[in-house]
Amino acid sequence: MTAPAHTPVQAKSITATDLDLYYGSFLAVKGVNITIEPNKVTALIGSSGCGKSTFLRSLNRMHELVPGAYADGEVLLDDVDIYAADADPVQVRRQIGMVFQAPNPFPTMSIYDNVAAGLKLNSRKIKKSDLDAIVERALRGANLWDEVKDRLGKPGMGLSGGQQQRLCIARATAVEPDVLLMDEPASALDPISTLAIEDLITELKKEYTIVIVTHNMQQASRASDNTAFFNIEGTGKPGRLVEVDTTEKIFSNPTHKETEDYVSGRFG
Amino acid sequence: MSTEPTQREDVTDTDPNADVPGLGSLASNAHAHAEDAHTVAAPARVRPPVQVAGKVLPGWAPWGIVAATAVVMAGLVAAIGWNWALWVVGTVVVGGAAQYVVSRAVEGKRRATDRGFTYAIVAAFALALAPLISLLYTVVSRGAARFDGEFFTWSMRGVIGEGGGAVHAIYGTLIITGCATLISVPIGILAAIYLQEYGQGRLKRALTFFVDVMTGIPSIVAGLFAFSLFSIFFGPGIRLGIMGSVALSVLMIPIVVRSTEEMLRIVPNSLREASYALGVSKWRTIVKVVLPTALGGIVTGVVLAVARIIGETAPLLITVGVVSSVNVNPFDGRMQNLAVFAFNSYKSPGVPPEPSIDRAWTAALVLILIVMVLNITARFIYRRFGTEIR
């Protein structure tokens with residue numbers, strides 16, 4: 001089985017309109033309007049606490065898992081509102097996968113079961129041979145297959161940090177989502193593993209729309225096509241989206257002064 | 001860069017020209033000038049020379065001091081009339097004080113405090129252990145007499161005086177405790193899942209509070225509860241094995257809830273989020289991700305809860321009653337169990353009393369052995385199935 005790991009697939013776009021995000025009565029992010037283009041990598045940058053992670057988590061309705069948290073506004077996946085009254089968060093998350101800051105493989109499961117988790121836990125009946133193919137494809141897609149193919153039955157926790165994170169990416173892609181959200185996926189990793197993840201992100205965009213939160217300017221400029229800059233006026237004030245444009249423009253000639261200050265390191 | 005060592009030398013070393021202080025300092029200043037302009041200013045403060053060595057008592061000192069104290073105390077106590085308790089207590093107290101005083105004199109205050117506390121902690125540990133060892137020794141030495149084949153194969157049916165066994169009580173203990181576990185574990189685990197994963201706000205706080213209260217209810221109250229509950233349905237004077245199981249469940253459920261809740265709490269949230277992000281529903285996340293991750297700890301908690309209730313006597317005395325023949329049906333009539341068996345054999349031994357009292361001690365020994373096996377099982381399960389949780 002040597003089919004190319006990434007055959008180009010038309011992915012879906014995300015459009016947020018007047019999106020306000022709350023934690024209880026606290027308005028954390030205010031009035032976000034953004035269109036995230038399909039098959040592109042969109043980086044969210046900004047100082048800590050400015051709401052970029054909150055915004056990211058609102059895109060697959062993980063935000064509302066915090067007690068009291070809710071969203072007000074519209075988020076369209078292509079043209080379907082994921083916050084519509086009849087939208088099921090569980091169904092939304094099947095379309096929009098997520099990779100977290102720290103690698104979090106399931107400690108009770110083997111490498112194989114970790115990748116198959118999304119399918120198995122949803123108790124879809126799948127033939128063993130089909131599942132094998134899906135697992136291999138996902139692991140190849142995450143550039144991890146060659147490293148783990150001889151020990152698929154071993155615990156996922158036995159891998160190195162970088163391998164664990166790629167395992168988590170394989171796990172997220174195994175359920176074939178339309179969009180992949182990544183919350184600082186490389187911040188817990190060493191430079192070599194970070195590079196591996198960034199290369200992987202560049203390959204993954206052939207199949208998926210990718211949104212990535214990062215604190216690393218170089219990472220944003222290396223790995224992303226578009227960049228959105230979030231900022232906050234002060235403690236207790238809501239975060240907001242300052243501007244979104246091509247990464248090249250944001251890093252060379254941004255429209256707003258505060259963006260320029262941030263990307264050039266004079267602030268934040 | 002040799003500026004710092006130069007500075008130090010200048011000040012702390014005994015100057016060869018010390019008898020002419022003015023000249024000496026002038027000379028060293030001149031030297032400093034020649035070498036580096038930065039050392040012109042004489043240091044305002046002088047650090048003391050490096051000192052890491054200290055006087056330390058030899059390793060045998062703590063034991064030696066206590067031994068010496070014991071000898072001295074033996075002499076003193078003997079002079080006023082021998083008394084074991086006075087001697088032991090005196091040795092422990094005076095030994096500790098002597099330890100501190102000697103250490104303070106030789107080693108200084110910090111080490112003396114350290115030794116004082118070390119001594120207090122070891123003494124407290126020994127104090128806690130003493131009754132346990134004494135109990136174990138008594139039970140083993142007195143229970144060994146009837147720890148034989150007959151004890152494990154005979155019931156007390158038709159036995160008067162010597163011989164007889166407690167097989168009916170062993171069966172009863174295992175069956176009653178087993179039924180109590182079957183009742184308590186599902187209720188306890190589901191309640192813990194509710195409290196940890198679903199419960200919110202005031203209701204959760206209230207339930208947690210009542211679970212805590214329930215862990216503290218006296219076992220006789222649980223027995224009376226089961227007794228009155230069954231009396232409502234079956235009339236007064238009813239005695240059933242299952243009544244005992246219900247009474248024990250009342251004691252066991254809160255323990256299972258608490259330990260399971262603790263175990264669920266330490267399952268990292270990131271695992272739940274990872275599962276949600278794969279589009280897995282909440283209930284499936286709990287069953288397939290959270291529970292397996294906490295399984296080792298939950299099983300350990302259950303086994304320890306069983307060990308805690310297996311020796312209950314009072315609630316079983318009033319709910320299960322006393323019987324001398326084998327009954328393995330918890331839904332039909334009285335049953336015997338080890339704790340009640342031991343209690344009853346000791347309370348009404350008959351004539352001659354010795355064989356009955358021996359049986360009581362052996363029953364206690366068997367009970368302790370069962371609890372020990374359960375504890376070892378729990379440890380084994382935790383080692384084997386316990387998941388490393390970061």
Side-chain angles (χ1 to χ4, degrees), chain A residues 56-57 59-68 88-109 113-124 155-158 161 164 167-183 188, chain B residues 189 193-208 260-302 381-390:
Chain A
L56 186 79
R57 290 166 65 89
L59 296 181
N60 69 341
R61 300 193 62 169
M62 295 286 283
H63 168 63
E64 64 206 62
L65 291 175
V66 178
D88 176 8
V90 172
Q91 211 58 46
V92 167
R93 291 177 205 134
R94 281 179 198 171
Q95 317 280 313
I96 306 178
M98 190 159 190
V99 175
F100 297 86
Q101 182 169 4
N104 52 0
F106 297 125
T108 51
M109 297 184 194
D113 286 339
N114 258 292
V115 179
L119 302 165
K120 277 188 164 178
L121 294 186
N122 285 320
S123 74
R124 292 185 217 162
M157 298 293 280
Q164 283 187 16
L167 178 65
C168 292
I169 292 175
R171 180 175 68 186
T173 57
V175 293
E176 295 279 329
D178 295 310
V179 178
L180 262 187
L181 309 177
M182 298 186 173
D183 192 352
Chain B
I189 290 181
I193 289 174
Y194 170 76
L195 286 178
Q196 184 57 32
E197 306 286 331
Y198 290 93
Q200 273 178 15
R202 203 174 282 177
L203 182 61
K204 177 189 171 175
R205 279 202 298 279
L207 286 174
T208 310
T260 305
E261 214 188 333
E262 259 351 281
M263 287 301 134
L264 294 179
R265 188 170 296 149
I266 61 171
V267 172
N269 231 358
S270 65
L271 295 182
R272 296 184 181 90
E273 290 196 331
S275 180
Y276 294 148
L278 292 170
V280 180
S281 62
K282 182 164 188 173
W283 175 242
R284 286 198 156 273
T285 298
I286 291 167
V287 173
K288 301 279 179 99
V289 175
V290 178
L291 281 182
T293 307
L295 188 66
I298 293 174
V299 173
T300 311
V302 167
I381 288 170
Y382 196 76
R383 287 235 181 104
R384 177 73 181 72
F385 299 104
T387 311
E388 288 279 324
I389 298 177
R390 287 175 300 172

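Below, chain A is the first sequence line, B the second, and so on; all start at residue 1. Note: hydrogens, waters and symmetry copies are ignored here, and every other heavy atom, side chains too, is used.
Contacts of residues 274-282 of chain B with chain A at a heavy-atom distance below 4.5 Å involve A274(B), S275(B), Y276(B), A277(B), L278(B), G279(B), V280(B), S281(B), listed in sequence order.
Pairing each heavy atom of L271(B) with each of P105(A), the nearest pair is CD2-O, 3.5 Å.
Of the two parts of F100(A), only the side chain, counted from C-beta on, holds a non-hydrogen atom closer than 4.5 Å to a non-hydrogen atom of chain B. Contacts of R61(A) with chain B are absent, with no heavy-atom separation under 4.5 Å from either backbone or side chain. In this structure, no portion of L119(A) lies under 4.5 Å from any heavy atom of chain B.
Atom CG of N122(A) and atom NZ of K288(B) lie 9.0 Å apart (nearest 0.5 Å). Taken from CG in L65(A) to CD in E273(B), the straight-line distance is 6.5 Å, to the nearest 0.5 Å.
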